[in-house]
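Shown next, in structure tokens, is the structure this report addresses.
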Protein chains: 4
Amino acid sequence: MQSKPPPRAAARRLPRDQRVAVILQTARSVLRDRGSEQFLTSEVAERCGTSEATIYKYFPTKRDLLIKAAEDWFEEFLSDDYPARTSGPLKDRLYHAIWWALSFIRREPALSRFVLMELRADPAYRTMRIYQQNREVVERVMGVVEDGRKSGIVRDDIPMRLMRDMIFGAIEHQTWAYLRREGDFSVDDSAGWITEVILGGIVVNQPADRHLSEAVDMLEKVTASLRKQAGPKR
Amino acid sequence: MQSKPPPRAAARRLPRDQRVAVILQTARSVLRDRGSEQFLTSEVAERCGTSEATIYKYFPTKRDLLIKAAEDWFEEFLSDDYPARTSGPLKDRLYHAIWWALSFIRREPALSRFVLMELRADPAYRTMRIYQQNREVVERVMGVVEDGRKSGIVRDDIPMRLMRDMIFGAIEHQTWAYLRREGDFSVDDSAGWITEVILGGIVVNQPADRHLSEAVDMLEKVTASLRKQAGPKR
Amino acid sequence: MQSKPPPRAAARRLPRDQRVAVILQTARSVLRDRGSEQFLTSEVAERCGTSEATIYKYFPTKRDLLIKAAEDWFEEFLSDDYPARTSGPLKDRLYHAIWWALSFIRREPALSRFVLMELRADPAYRTMRIYQQNREVVERVMGVVEDGRKSGIVRDDIPMRLMRDMIFGAIEHQTWAYLRREGDFSVDDSAGWITEVILGGIVVNQPADRHLSEAVDMLEKVTASLRKQAGPKR
Amino acid sequence: MQSKPPPRAAARRLPRDQRVAVILQTARSVLRDRGSEQFLTSEVAERCGTSEATIYKYFPTKRDLLIKAAEDWFEEFLSDDYPARTSGPLKDRLYHAIWWALSFIRREPALSRFVLMELRADPAYRTMRIYQQNREVVERVMGVVEDGRKSGIVRDDIPMRLMRDMIFGAIEHQTWAYLRREGDFSVDDSAGWITEVILGGIVVNQPADRHLSEAVDMLEKVTASLRKQAGPKR
DNA sequence: GATGAATGAGAGTTCATTCAT
DNA sequence: GATGAATGAACTCTCATTCAT
């Protein structure tokens, strides 16, 4: 016989808001531990010392609970935010933004996985708050690119959407195994390389280029020696 | 009252191979229509006019059926293959390979989705035939990069894995909405832009340009100083 | 057309303990009527006017239900217990204990059959409560034998295990047909004879008898020879 | 996909009798290896290189096959028989018969288990050939007891049925674990002890008995000395 | 005589969700 | 506001048995 459930731990008769908060927190922890596929309403109820019926009082559907929990979670992440870097060389700023996006995944793999692999598939995804939240992350990175464009550093023939796909495609691909709980990754390294390739591509400096820079070197020397030769001038 | 089920539509008593083929085809179509999560053996049985027991006669497990169906499907794609382009400029060859990978997704979104989002997560993925099949696609693209490296065109400081993640991350991200049945994409355009960015990055000024303009600057200074040195002329 | 199932007969919404009790009682009756091999959870559900899901709410497994039902059943038997007889002649005490064991089988053949023929074969049998319960019965009988040994009445060269096997082998064999619902047996008679044979064996001449008759023989001879020696007497 | 069954090994188109014989032999081996609960018609078919349909041509039912196989098996055992010992002391003959019954179990535990635990439960058991076969074994043992009775060695107040139950109850209980594949037993030891207890019971020679035999000893001495005293007589 | 193909009829579970109290 | 009780509706898988060829 199933052992009797332990007597409810949590306070009964919480005001609505608190009850909701408790449930959401618990749902978050279940989502973290089990992933969305093994997410059972019964486990949420058990962990927060309520009944499943109570949960269904506040959330019409398991999925609603799941989404709300994810959104709150995401919100929290966004609010204890690093300030975006808005000045400095483009490369540094891009690195910083990508690093930040990667660190989100690193810190909350379960949430990331749920958002990236489940919610994004939902037909209603675009109407969810979490869609907007996710956009914030994307915007922060793409904002840097946009700035680069405005100041003429970034090519303006490449569609923004493509650049976005490449950057976030790379981010997700790099973190795939980690999201699967099958490996780890270095936020710093990944951010570094992605930035590097995005900015400069994978093609070696052309030979022509090398010769030119040698030429520049020589000219610098010539210039310097001419200066000396000219003596203390004015 | 449920009226008696209509007599089985499909031919009964098929020879083994044909029955297997019918089941696999049907499974493929169910996978296409429903996705792997809503894939029911009962629906496969119904659609091909057999009983579920018959299906289980030939496939030990629902998952086995699913995988076998996917593998055959993939096989079919790989066999009416375009020849890989093995000569010509790196850019053309890379474009061609990426184009080919994209066209797979374009032609078989349901299959792609299943492979990319379900099977890849399976612990046994690496031991499946489909893993090898998928590798073929990846290898074909990365082979081009490798060649580029050997001939010194591609930077050899960037880890291959990163390049792979960027290319396929970009491919998958570009096709994401399409896999979700939410949009479309142009194989040609996507392939073109991905190639472009991967090879050259997103920054306007190629190093060659930068060096060149520095050189010009200096030459101007040198010229100016030589002029002064020459004294008041004319 | 199946007419709509009649509204559930049994009271709905029983408190947990009552529901569990109802299920256990029902399970017991199904076990009695069908035996463990034809024991269907669906029949239990039907008979007690619940759904199978309700049963699985309280019992994780069909087998668990079966075992719990058997254990409770056994418990009930053990609790309306006859006191063991702890004094008096060995024979009486052994008779009493065997009688008690037989009466268990007599009263609950279905349960006995399940325990003796199914559970005993279970790898986990030794860890079950019912194993302990069964031991109580065995111990009560063997305790008498043990006492007999201590007081020198019982031979101490025969392995206890063998004696146990003989006593319970005899008990089970005697009751076999009854367990099969094919006949009946008298608890009194069986107990009497088993006690008799176990204690004394099946051979007519007890050693005491043999010696006695030898002695008589010899005395007759002695008498005869003494008569001769005394000469022709009247 | 289930791998194709290997091409049939056995000759096709066997005459009826041979086919039946092959099936029966195979069924026996499956019964031996798997026990009757895991006995699958599919495995029989596979092992003897026929189809299940062929089996059903000759045996209307799985159970029929099982029974027929067991009967043939038993027959074989009975025919390469030890001759029963028909002379000598009762104890030796009983030992021999019990030993023989035990050795059957020892040699064919799977068959024994099937007969003792499955078939015996069948309502039609009494009408089966195997019931008669089993009786042969029982008779051989009980024949010895019967002889003992006739010659006055065995008590005639104990019901034969009880003696039978005690002897075979003891045999089965002793071999229980072995039939469960959980242990082993010594045919010699078991036979020895069972014989011992059955014949003599478990009670120590009574003290009275001891005194009597001492008395006999003394009388023998008296008789002897009287004889001497009487001198060479006649 | 032989068999490949096919299946009816379940079995045991699982879980999100409802509702009377 | 809270919940214990209850369940509908699936789902995957098994196997003895039948039948057209």
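Quick caveat, the model's predicted, so the values are computed rather than measured. In the text below, chain A, chain B and the rest are named by the order of the sequence lines, each starting its count at 1. Keep in mind that the numbers below use all heavy atoms, side chains included, and drop hydrogens, waters and symmetry copies.
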For DNA chain F, what are the stems built from at least three Watson-Crick or G-U pairs in a row, each pair having both distances below 3.5 Å? E:2-21 with F:2-21
Hey, is Arg28(C) close enough to Asp33(C) for a salt bridge, meaning N to O under 4.0 Å? no
Spacing between Ile55(C) atom CD1 and dT14(E) atom C1', to the nearest angstrom: 15 Å
Can you check salt bridge (charged side-chain N to carboxylate O under 4.0 Å, His left out) on Lys68(A) and Asp64(A), steps first, answer last? CA-CA 6 Å; Lys68(A) 188 65 167 48; Asp64(A) 285 293; over 6 Å; no
Would you kindly give the CG-to-P distance between Asp64(D) and dA16(F), to the nearest whole Å? 14 Å
Length of the CZ-P vector between Arg34(C) and dA11(E), whole Å: 11 Å
For Glu46(C) and dG10(E), give me the distance from atom CD to atom C1', rounded to whole Å. 14 Å
Strictly under 3.5 Å: I want the nitrogen or oxygen pairs between protein and nucleotides 17-21 of chain F, one per line.
from: dT17(F); atom 1: OP2; to: Tyr56(D); atom 2: OH; distance (Å): 2.8
from: dT17(F); atom 1: OP2; to: Lys62(D); atom 2: N; distance (Å): 3.0
from: dC19(F); atom 1: O2; to: Arg13(B); atom 2: NH2; distance (Å): 3.3

With a non-hydrogen cut-off below 4.0 angstrom, is Pro15(C) in contact with a base, only sugar-phosphate, or nothing? sugar-phosphate
Glu37(B) CD to dT12(F) C1', in whole Å, measures 17 Å
Which part of the nucleic acid does Tyr58(D) contact within heavy-atom distance under 4.0 Å: base, sugar-phosphate only, or nothing? sugar-phosphate
For Thr54(D) and Ser51(D), does a side-chain donor sit closer than 3.5 Å to a side-chain acceptor? yes
Would you mind telling me which of dG1(E), dA6(E), dA2(F) lies closest to the side-chain atoms of Lys57(D)? dG1(E)
Check the distance between dT14(F)'s P and Phe59(B)'s CZ and give it to me in whole angstrom. 15 Å
When rounded to whole Å, the CG to P distance for the pair Leu40(B) and dT14(E) reads 19 Å
Would you mind checking if Glu108(D) and Arg113(D) are paired as a salt bridge, meaning a charged N to carboxylate O distance below 4.0 Å? no
Classify the nucleic acid contact of Phe39(D) as base, sugar-phosphate or nothing, counting any heavy atom under 4.0 Å across all strands shown. sugar-phosphate
